Amino acid sequence: MISLSLDSSPSPSPSPTVSISSEDHDRPPSPMANAPSSFASSLSPPGLSTFHADLATSPITGGFASQMHLSPPSFTSPMRTQSVGSKYLRRQSSSVDEDAVHDALSPTHVSPAQLYSTESGRLFHAGKICIVLVGLPARGKTHLAVSLTRYLRWLGVKTHAFHLGDYRRVHIAPGTDVPDDYFLVNASPSTVILRQRVMAACKADVYRFFEEDRGQVAIYDAVNPTSAGRRVLVKEFSQRGIQTLFIESICDKPEIIEANVRSVKISSPDYIGWDEKEAIKHYLRRISDKIPHYETLDEPEFSYIKLYNAGERILLNNSRMGYLPNRIVFYLMNLHIKAGCVYFARAGKSTEQMPRYKSDPRLSDEGRTYARILTDTLLEHRRSEHTARVTHGDNSPERELIVWTSTRRRTIETSTEFEKRGFSCRQRPQLSQMHPGSCDGLSGKELEKQFPEEVELHKKDPYRHRFPRAESYHDLAVRLEPVILEMERIPNDILIIAHVSVLRVLYGYLMACSPFDIPALDFERNEIVEIIPSAYNNKVKRIKIYGVEESQTL
Amino acid sequence: MGGYSFQAENVQICVIMVGLPARGKSLIAQKIVRYLTWLSIRAKCFNVGNYRRLETAHPTAEFFDVNNSEGERLRKMAAESAIRDMFRWLDHEQGVVGILDATNTTKSRRNWILELCRKRNVEPMFIESWCDDEDLIMQNIMDVKTTSPDYIGQDPERAALDFRNRIRNYEKVYETISERDLTYVKLINVGSQVIINRIQSYLESRIVYYLMNLHIKPRCIWLSRHGESAFNLTGKIGGDSDLSARGREYARQLPQLVKMSVGDRPLTVWTSTLKRTQQTAKYLPYRQLTWKALDELDAGQCDGLTYEEIESRYPDDFAARDENKYEYRYPGGESYRDVVVRLEPIIMELERQENIMIVTHQAVLRCIYAYFMNVSQDQSPWMEVPLHTLIKLEPKAYGTEVIRIKADIPAVSTYREKGQSAKIKK
């Protein structure tokens, strides 16, 4: 039996390269913000708990975290938890290099791509909606919950995911497994009481989210295997004025299920030494033992979405809830479970000291050198990563790399080395930098001299403020939505060579940054920023480019 | 440039409509064209029926019997002409999305089109409209028999009967889409169920998303500007002023005007968050919702100025605006294109709803009108939309009907022609 460590180690975030502005209204006040080591007394880290979503603290899932490339384990014993359900069992991330998708939002939070908000704080007059996920374990439900949360928040819909597994773990002594009859319809009285307690704790947080925090969409991540259970949910929610939308994740391709199980469920110490295929079979059998009766969604009066094989096929039933369900389906059409990683790099230096938008300058000699070094560095990095993977027994093929640039000359020229070596390079007009308007070509000093009031206004709201005739970061975010969705749908690794303003917004989406952080994000020329998606948390890695000195931003 | 050009390399899509007659296929096809064009994506519809009409103008139901070999031959020829034209348009006119509007109800016909697309490297996407709701079908038949060119000049009863027989002939050979490796969308009973299969690109997902919001229930949309405002009287743009006396008169008369047009149908009224639209709508006895997206185009630094003041303070801007009014953005403000972007959720929601009345502002109204009436980007910012006028839009199978209902209350004109700064007082 693997005992769960009660200590936490702070997650290995690199020193933040950004200064979070002191007027950080958006970040919920968190006493933990400057003391990562004290996270032990807060609650379980996002990534981990979701692994347990279905089988709680079984020995199988107990200790594997150390082997995953996620934030290190930080289990919470029920005794140490301050209060179950305090801010939805999540710690607040303290730096922009940590994925903030699991953080609770403050009631006054404003999102990066939010077009506008209504009086109630709820967008599009859509009211309160609870998305109830349905599906057996290893069907990608939690990944779905996390991705949806990321996207909906981006749009300005106050969303939060509630993983039932987290609540289950808090109610079960560490190191013990869930009772064998936990998922059975006619369970023993003690199990029923346990179940009810767990559900009540979770639902309490859901209602708190709607009522106290002006939340709009709650995502309830659990198996929800029976029709009867689902009907009860719908009734209870409707009594509180909450509409219910079901999303069922169905896999009829064994490869997908196996891949999920392999990556998420069986890398625990319990399966060390097992033949991989045997381990997968064993895990799947445990699931079918624990959850013998699973009823797929079939209630015609419910509003539901059935997602087959991670988006290959989508069935939408009876959606009368307005803008949101359709928007969700739109996103689902573009979402895939295994995404490639994204690399961010700047264009090389151009012939102009302060490159002007209107002149669209080409690369200087220094810039061309940079382009070559960039190409070599990235390809070498990928080679060594691949070798490392192979050494560890992972023989999965290397994902193909594609390159995206804007239509501005210096980005295209930076990509020519890649093109010469046979990589596919695509130019996208939306990746052009933020339009500088009347500030084209002005230095910081000149800006202060010519537009002093604008500079003041800009300091107050760097995300939304527009200089005369220019775009704001918010405009960029809205403009970049097609790129973001395409990034979600492409299985390749992508290198994006673009301008700093664009990289900031894309990074902000992937790492769920707040609008206050995005304008201050740093992208130096001597680094390639790599974002590695995983089901529950996107992670950042910075790859140093040697032979290139640090440059000034712009 | 700008707008929604997705990829520099040319991805071209051929949308293939599938479904029995009177299932709303043409309506859907035309709406897709209109929506994509509004978003600056080149789209065009190729209606096989139109090609067929060139040869056979007034066919009877027997023409469509599958055992009628002459009819089959002529219909196949029409399909070939339509497809040929579509590929020519895709090749030579920078087309992005071509829509083949026909029944395409058999697997063999669909396979034939598939092969042609694959040879040309055009992505095929099927849209099937499946309906067994008798009322909806009846409504469509009524619509068609009164407005279709096939039945012009005929006795409506006979037309309806003949059309029903035509549908029956198609029903005999109908094969719904079931091949799992095709890219398709199946709309069942107008969106009560939607099946989406193997979407290949962002553009396709965008089209599907739009489709999911559509319905073919008959309904009307009423558009009106707010009543004359205090700023209107002094020629100032923007601001959040109250109504003038004449504006208030319009607000008082509006309920009667609306009642005459709407009758007993249920209606919801949408206004912006600015006072003048809410004051205009306040006597209307219907459910009201406010939308920030319906607020007037933000004039930024020029907010609260008259056109003369703008011309004297920012002469370059004033000229630049005239040159390309759609793209020009006020310093610190918005352009028409920006308004279109922020109006997209409104348009989507409008498509989902039934009878709606929108009380809004000049620029916003122009953008909404441009969407429904397919007005081009160089024309829409110059459209005349006078105060105290109720515009009724009625989307029909073969086009949208427009009726302008003027209230008998004089108002200033806020219309400015190119190059002019002085307003013309009425």
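Throughout, a chain's letter reflects where its sequence line sits, starting with A, and its residues are numbered from 1. Keep in mind that this is a model prediction, so the values were computed, not measured.
- For B:Glu351, no part sits under 4.5 Å from any heavy atom of chain A, backbone or side chain.
- In this structure A:Glu299 satisfies the salt bridge (Lys or Arg N to Asp or Glu O under 4.0 Å) test together with A:Arg230, sequence neighbours excluded.
- For A:Arg409, the salt bridge (Lys or Arg N to Asp or Glu O under 4.0 Å) partners at least two apart in sequence or on another chain are A:Asp360.
- Ranked by heavy-atom pairs under 4.5 Å with chain B, the list A:Leu485, A:Val483, A:Leu315 is led by A:Leu315.
- Panel note: side chain B:Glu128, backbone B:Ile177; a donor-acceptor pair is recorded below 3.5 Å.
- A:Trp154 and A:Tyr509 have perpendicular rings, their planes meeting at more than 60° on a 0 to 90° scale where under 30° would count as parallel.
- The contact between B:Tyr184 and chain A is made entirely by side chain atoms (from C-beta outward), counting heavy-atom distances below 4.5 Å.
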